[in-house]
Amino acid sequence: MSTPNSRRQEELKAQKAAERKQAAEEKRNREGYVYYLRVGSDYKIGFASNLERRLASYPPDTELLAVEPGTLQLETERHREFKHSLISGREWYRPNPALDHHIRNVAENGRHTWWDDEEWRRRTERVKVVPHNWQ
């Protein structure tokens, strides 16, 4: 037999669980960018809602290869799609023809208005923006 106090605790517990689930869903669907970087000889597929701030955290020799609008969910799909070339963690990949082709397509078809913008490039000068015909 449950008491009113234990029922209330169960209700609060269920409400908090629902709130956590809702927050996680909102985070997965938050708009931002899936970006593709070359750092040394490796690629990184990442997500950022503030791309400028995120790129500022990479070393100066980093190359931004492509960006596509998306969510954390899209980033997760890309990680699954290229898991065969995963080399470290969950976001670092070795170059391969399939990934190169995908990045090239994103770069050619998903260019943003800020891509060639001088002010944006100045603010993100630590990262080299690679033209869409990169090799």
Side-chain angles (χ1 to χ4, degrees):
M1 185 163 137
S2 64
T3 65
N5 194 27
S6 65
R7 279 194 302 266
R8 179 69 181 140
Q9 287 177 340
E10 288 175 22
E11 289 171 1
L12 286 173
K13 192 175 181 180
Q15 180 182 357
K16 287 186 182 210
E19 288 170 0
R20 282 192 303 272
K21 184 177 179 181
Q22 176 67 28
E25 184 67 22
E26 287 173 8
K27 184 178 179 183
R28 266 194 307 279
N29 292 314
R30 182 179 69 223
E31 291 296 316
Y33 303 97
V34 175
Y35 59 88
Y36 302 85
L37 301 177
R38 182 171 27 221
V39 181
S41 62
D42 300 331
Y43 291 157
K44 176 166 187 343
I45 301 173
F47 171 83
S49 55
N50 183 328
L51 190 58
E52 267 179 48
R53 186 173 17 176
R54 185 66 184 114
L55 293 177
S57 69
Y58 288 101
D61 64 339
T62 300
E63 297 175 321
L64 177 61
L65 302 174
V67 177
E68 61 184 324
T71 62
L72 278 170
Q73 190 169 346
L74 178 62
E75 178 202 32
T76 299
E77 290 172 22
R78 296 297 183 239
H79 291 167
R80 271 191 226 116
E81 185 177 351
F82 299 108
K83 69 182 177 185
H84 62 279
S85 59
L86 187 65
I87 55 174
S88 177
R90 64 178 185 85
E91 297 185 343
W92 292 93
Y93 300 83
R94 81 178 60 78
N96 68 72
L99 183 52
D100 287 348
H101 179 75
H102 174 76
I103 292 171
R104 197 171 287 115
N105 280 342
V106 170
E108 290 172 353
N109 298 321
R111 294 178 62 79
H112 297 277
T113 57
W114 46 259
W115 191 272
D116 294 314
D117 180 72
E118 287 300 317
E119 177 62 16
W120 187 85
R121 290 177 137 209
R122 185 188 62 72
R123 291 192 313 254
T124 57
E125 63 190 13
R126 292 176 53 87
V127 174
K128 177 182 173 191
V129 177
V130 178
H132 74 275
N133 58 351
W134 62 276
Q135 295 300 323

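Along the sequence shown, the residues carry numbers beginning at 1. Because the structure is predicted, anything quoted here is derived from the model rather than measured. Just the heavy atoms: all of them, side chains too, but no hydrogens, waters or symmetry mates, feed the values below.
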Practice task
With rounding to the nearest 0.5 Å, note down the distance linking OH in Tyr43 to CD1 in Ile87.
Solution key: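 Reported to 0.5 Å precision, the distance equals 11.0 Å.
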Handout entry: Atom pair CZ/CG of Arg80 and Leu86 - distance to nearest 0.5 Å
Key =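 Atom-to-atom, Arg80:CZ and Leu86:CG are 13.0 Å apart.
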If I compare all heavy atoms of [X] with all of [Y], which pair ends up nearest, and what's the gap?
X: His84; Y: Ala98; answer: NE2-CB, 4.5 Å
X: Glu68; Y: Val106; answer: CB-CG1, 3.8 Å
X: Leu74; Y: Pro69; answer: CD2-O, 3.6 Å
X: Leu99; Y: Tyr93; answer: CD2-CB, 3.7 Å
X: Ile45; Y: Glu75; answer: O-OE2, 3.7 Å
X: Leu64; Y: Leu55; answer: CD2-CD1, 4.0 Å

Exercise for the section: Give a yes or no on whether a salt bridge exists between Arg78 and Glu81, defined as a side-chain N under 4.0 angstrom from a carboxylate O. Expected result: yes
Practice task
For side chain to side chain contact (heavy atoms under 4.5 Å, CB included), just list the numbers for Phe47 and Arg54, CA-CA rounded to whole Å, side-chain angles, deciding distance to a tenth of an Å, and then say yes or no.
Solution key: CA-CA 9 Å; Phe47 171 83; Arg54 185 66 184 114; over 6 Å; no
Completion exercise
side-chain hydrogen bond (donor to acceptor under 3.5 Å, both in side chains) with Tyr36: of Arg104, Glu63, His102, Lys44, only one passes, and it is His102
Problem - Steps toward side chain to side chain contact (heavy atoms under 4.5 Å, CB included) verdict (Thr71, Glu31) - result: CA-CA 5 Å; Thr71 62; Glu31 291 296 316; 3.8 Å; yes
